[in-house]
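Indexing begins at 1, ligand by ligand and atom by atom, following the structure's order. All values reported here derive from a predicted model rather than from experimental measurement. Along the sequence shown, residues carry numbers from 1.
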Amino acid sequence: MITTIAQVSDTHLSKRKPLFDGNFAPVQEALRAAKPDLVIHTGDLSLDGADSHEDLRHGSAAMNALGLDWLALPGNHDVGDDAVLRGKQPITPERLARWEGCVGPLHFVRDIPGWRLIGLDSQGFSANPAHRAAIAEAIAGAGSRRIALFQHKPITEEALDDAAVNYWPLLPSPRGELLAMFGAARPALIASGHVHQWRDRVADGIRQIWAPAVGFVVGDAWQHRVGDKLLGWVEHEFHADGTHAARLHHMPALPLHDIGEIPEAYGPMTRLD
Ligand SMILES: [Fe+2]
Ligand SMILES: [Fe+2]
């Protein structure tokens, strides 16, 4: 028994400013042709859902238009980001509630043969004790199933004990809280988005897959290159015996927008030194 899951990420959709909507249409077609059992969107569904109901509703409608079973997790552009990072849109209860009202739950648990899939809100993890309690319960109750986590931010950029506070991965404190929920065990897989780079590696005993974005990349002038800066989506195969395979669906025909060259989306970017 194999369960196929398509992971899409970072579509940054908006009716008001449809800068990246054109990239989603071919991906929608590819997903309809692939007919996965489930589509999981790992966040930044919307261009600016953190301040716009309309962007979130528009993103949700685009996912409904797939005609496939789907779930989505919020990204920083959907619900805001950790206050420690000093961005313009801190996570607030209002923002989290807006996602729930316009898109759906902030997290999920889905059992499939051999596996428990846990969708985690990497944005509200620190600020939302009820969310942490639900995730701890889902981890503790997995029994013999292997655990795959889906979330917007990767758990780390390199090692699990990295102490740096960095915009791209989960911050050290929530990372520690999450790992503590596993005790001596580890999740088998963590599939994330946010970095807009494709990467597939095993580190610290965890398969860590970074889905590429659909909407755009962040050029080398503005972001270090850790994985591959390309656009596409990921097909996961979960087997009942606990094994897993993942395959990149690179979509080279999509325009490779560089967000650093499109200040009308989020304003001018700061160049790396
Ligand atoms: Fe993004
Ligand atoms: Fe993001």
Side-chain angles (χ1 to χ4, degrees), residues 7-14 17-24 27 40-52 55-56 58-59 62-63 72-91 95-96 99 103 106 119-127 149-157 165-171 174-175 190-199 208-219 222-234 251 254-267 269-270:
Q7 181 189 2
V8 290
S9 207
D10 296 274
T11 45
H12 295 256
L13 301 172
S14 173
K17 279 205 238 177
L19 300 166
F20 310 110
D21 281 49
N23 276 16
F24 193 45
V27 174
I40 298 178
H41 194 304
T42 43
D44 287 351
L45 170 65
S46 65
L47 187 79
D48 190 25
D51 276 328
S52 164
D55 277 11
L56 287 180
H58 177 68
M63 292 300 288
L73 298 159
N76 49 305
H77 289 290
D78 302 313
V79 296
D81 213 347
D82 204 296
V84 173
L85 296 171
R86 295 200 208 99
K88 287 182 225 146
Q89 296 171 314
I91 297 156
R95 288 191 161 115
L96 294 174
W99 170 276
V103 181
L106 289 156
L120 182 143
D121 170 15
S122 65
Q123 303 312 112
F125 192 81
S126 301
L149 293 176
F150 286 81
Q151 55 193 56
H152 185 56
K153 291 189 176 181
I155 190 156
T156 184
E157 190 164 288
V165 170
N166 176 336
Y167 172 78
W168 297 107
L170 209 57
L171 295 173
R175 181 192 309 142
I190 301 180
S192 55
H194 182 57
V195 188
H196 293 228
Q197 297 186 36
W198 158 248
R199 195 183 194 197
Q208 299 175 44
I209 292 181
W210 295 8
V214 169
F216 58 85
V217 297
V218 187
W222 298 275
Q223 182 204 49
H224 294 293
R225 186 179 286 257
V226 182
D228 296 321
K229 296 189 177 183
L230 50 81
L231 303 176
W233 55 284
V234 181
M251 299 199 54
L254 296 182
L256 196 65
H257 301 297
D258 177 351
I259 193 66
E261 309 286 355
I262 310 174
E264 57 271 40
Y266 296 116
M269 305 265 302
T270 306

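Between Arg95 and Asp51 there is a salt bridge, since a side-chain N of the basic residue sits under 4.0 Å from a carboxylate O of the acidic one.
Protein nitrogen, oxygen and sulfur atoms, that is N, O or S, within less than 2.8 Å of the Fe ion (ligand 2) amount to 4.
With hydrogens and angles left out, the side-chain atoms of Gln123 and Asp81 include a donor and acceptor closer than 3.5 Å.
Of all non-hydrogen atoms in Lys153 and Leu85, the two that sit nearest each other are NZ-CD1, 3.6 Å.
Judged purely by atom type and a 3.5 angstrom limit, Gln223 uses its side chain to pair as donor or acceptor with the backbone of Val195.
The side-chain heavy atoms of Tyr167 and Asn76, taken from C-beta on, include a pair separated by under 4.5 Å.
Partner His12 forms a side chain to side chain donor-acceptor pair (under 3.5 Å) with one of His77, His257, His196 and no other, that one being His196.
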